[in-house]
2 protein chains.
Amino acid sequence: MKPHEHAFLAPEKAEQVARIFKALADPTRVKILYLLSQEECSVGHIAEVLEMTQSAVSHQLSFLRHIRLVKNRRAGNMLYYSCDDEHVISLLRQAVTHADH
Amino acid sequence: MKPHEHAFLAPEKAEQVARIFKALADPTRVKILYLLSQEECSVGHIAEVLEMTQSAVSHQLSFLRHIRLVKNRRAGNMLYYSCDDEHVISLLRQAVTHADH
DNA sequence: TTCGAATATGAATATTTGTTCATATTGTAA
DNA sequence: TTACAATATGAACAAATATTCATATTCGAA
């Protein structure tokens with residue numbers, strides 16, 4: 001079979017796909033997204049639950065916000081984050097379900 | 001709401017999940033897995049289609065083989081690789097479908 | 001057994017990435 | 001306004017990662 005005879009992903013498409021998975025390729029982000037998939041959380045709350053520094057959490061949230069996986073809502077002093085991409089959450093849930101082989 | 005009141009992922013579970021997505025978090029591996037999801041391919045064939053060096057392809061296949069996402073079959077001089085994890089392929093297909101927003 | 005083709009592997013390197021630390025910003029209450 | 005709490009941001013650093021290059025291995029044919 002010759003190269004041109006089958007469908008392979010165009011480079012930009014492959015990068016788009018990889019970018020989606022890259023967001024889920026870090027344990028910290030997995031934990032954050034899993035938490036946010038259950039309820040809206042403030043930055044400080046996430047940091048407390050996951051035992052991370054406020055700064056580390058904020059950096060990751062910034063990353064997730066830039067690629068539109070999470071959004072936030074201000075309430076006084078605090079920012080409440082929540083998921084903004086049901087499809088990615090769906091991928092996450094499936095992986096969690098199948099994680100134990 | 002207090003930390004212990006909601007379900008968050010155990011550290012090892014989060015790492016398992018992240019490990020799955022890490023395999024899909026690189027454009028090269030995405031292209032390789034997408035190709036293999038359609039047909040069994042030799043190393044040289046993959047390298048030709050994806051315009052990569054034989055060595056780079058072999059390294060990535062080694063990575064994918066170690067985590068049991070692909071398997072191979074020897075036929076004379078050549079090794080034919082194919083997918084060995086339908087669940088991961090399912091995740092990949094979904095992401096490809098949804099890649100264009 | 002020798003040769004050549006296909007594939008694997010190890011070391012080196014450049015790039016990416018996650019965290020920390022220090023500091024800046026934003027909003028609230030006094 | 002001042003002071004404080006919550007969050008964001010930039011620089012620096014260490015660790016992880018993908019590729020390249022050179023070389024090793026494996027198999028079939030002669």
Side-chain angles (χ1 to χ4, degrees), chain A residues 1 3 9 11 14-36 40-82, chain B residues 1 3 9 11 14-36 40-82:
Chain A
M1 193 180 233
L9 284 181
E15 296 209 11
Q16 281 177 38
V17 171
R19 211 172 301 133
I20 293 172
F21 289 122
K22 217 168 268 186
L24 297 163
D26 174 75
T28 293
R29 286 193 294 274
V30 165
K31 288 187 222 161
I32 291 176
L33 286 171
Y34 187 79
L35 199 54
L36 295 183
E40 201 184 33
C41 290
S42 70
V43 178
H45 184 71
I46 298 172
E48 186 187 352
V49 173
L50 303 186
E51 301 181 48
M52 299 175 54
T53 66
Q54 174 269 322
S55 182
V57 171
S58 185
H59 276 297
Q60 294 294 5
L61 287 173
S62 167
F63 173 87
L64 294 171
R65 189 157 29 84
H66 281 308
I67 57 177
R68 304 273 171 84
L69 260 50
V70 303
K71 61 188 172 190
N72 61 21
R73 169 181 73 84
R74 182 173 285 281
N77 242 356
M78 321 176 68
L79 284 175
Y80 285 95
Y81 279 82
S82 57
Chain B
M1 193 180 236
L9 285 180
E15 296 209 11
Q16 282 177 38
V17 171
R19 210 173 300 131
I20 294 172
F21 289 122
K22 217 168 267 185
L24 297 163
D26 174 74
T28 292
R29 285 193 295 272
V30 165
K31 288 187 223 163
I32 291 176
L33 287 171
Y34 187 78
L35 200 54
L36 295 183
E40 202 184 33
C41 290
S42 71
V43 178
H45 184 69
I46 298 172
E48 186 189 350
V49 173
L50 303 186
E51 301 180 51
M52 299 175 55
T53 66
Q54 174 270 322
S55 181
V57 171
S58 184
H59 276 296
Q60 294 294 3
L61 288 172
S62 167
F63 173 88
L64 294 171
R65 189 159 29 85
H66 282 306
I67 58 176
R68 306 271 172 85
L69 259 50
V70 303
K71 62 188 173 191
N72 62 20
R73 170 181 72 84
R74 183 172 284 280
N77 242 357
M78 320 177 68
L79 284 175
Y80 285 96
Y81 279 81
S82 57

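So you know, we letter chains A, B, ... as the sequences are listed, proteins then strands, and number each from 1.
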Could you state the [atom1]-[atom2] distance from [X] to [N], rounded to the nearest angstrom?
{"X": "Phe21(B)", "N": "dA16(D)", "atom1": "CZ", "atom2": "C1'", "answer": "20 Å"}
{"X": "Leu50(A)", "N": "dT19(C)", "atom1": "CG", "atom2": "P", "answer": "11 Å"}
{"X": "Leu64(B)", "N": "dT9(C)", "atom1": "CG", "atom2": "P", "answer": "14 Å"}
{"X": "Glu48(A)", "N": "dA6(D)", "atom1": "CD", "atom2": "C1'", "answer": "14 Å"}
{"X": "Asn72(A)", "N": "dG27(C)", "atom1": "CG", "atom2": "C1'", "answer": "14 Å"}
{"X": "Met78(A)", "N": "dT26(C)", "atom1": "CE", "atom2": "C1'", "answer": "14 Å"}
{"X": "Arg19(B)", "N": "dT17(D)", "atom1": "CZ", "atom2": "C1'", "answer": "16 Å"}
{"X": "Ile67(B)", "N": "dA16(D)", "atom1": "CD1", "atom2": "P", "answer": "17 Å"}

What pairs with [X] under side-chain contact (heavy atoms from CB on, under 4.5 Å), at least two apart in sequence or on another chain?
{"X": "Gln60(B)", "value": "Asp26(B), Thr28(B), Arg29(B), Ile32(B), Phe63(B)"}
{"X": "Asn72(B)", "value": "Arg65(B), Leu79(B), Tyr81(B)"}
{"X": "Ala47(B)", "value": "Val57(B)"}

Per the under-4.0 Å heavy-atom filter, residues of residues 26-34 of chain A near DNA chain D come out as none
For residues 73-82 of chain A, the salt bridge (Lys or Arg N to Asp or Glu O under 4.0 Å) pairs (sequence neighbours left out) are Glu40(A)-Arg73(A)
Sorted by number, residues from residues 53-63 of chain A placing a heavy atom under 4.0 Å from DNA chain C are Thr53(A), Ser55(A), Ala56(A), His59(A), Gln60(A)
Output for pair (Leu33(B) CG, Leu64(B) CG), nearest 0.5 Å, gives 5.0 Å
Taken to the nearest 0.5 Å, the spacing of His45(A) NE2 from Leu50(A) CG works out to 8.5 Å
Might you list the N or O atoms of the protein lying below 3.5 Å from N or O atoms in nucleotides 26-30 of chain D, with each pair's distance?
{"from": "dC27(D)", "atom 1": "O2", "to": "Asn77(B)", "atom 2": "OD1", "distance (Å)": "2.9"}

May I ask you to test the Ile46(A)-Leu36(A) pair for a side-chain heavy-atom distance under 4.5 Å?
yes
Contacts of Arg19(A) meeting salt bridge (charged side-chain N to carboxylate O under 4.0 Å, His left out) (sequence neighbours excluded), chain-then-number -> none
- Item | Contact under 4.0 Å: Tyr81(A) side-chain N or O vs dA8(D) OP1/OP2 | yes
Margin query: When you measure from the side-chain N and O atoms of Lys22(A) to the phosphate of dT17(C), is any distance below 4.0 Å, counting only OP1 and OP2?
Written below: yes
For Leu61(A) and Val70(A), the nearest pair of non-hydrogen atoms, with its separation, is O-CG2, 4.0 Å
Residues passing the ring-ring contact (aromatic ring centres under 6.0 Å, His included) test with Phe21(B), sequence neighbours excluded, are Phe21(A)
Residues at least two apart in sequence or cross-chain that pass side-chain hydrogen bond (donor to acceptor under 3.5 Å, both in side chains) with Gln54(A), listed by chain then number, are none
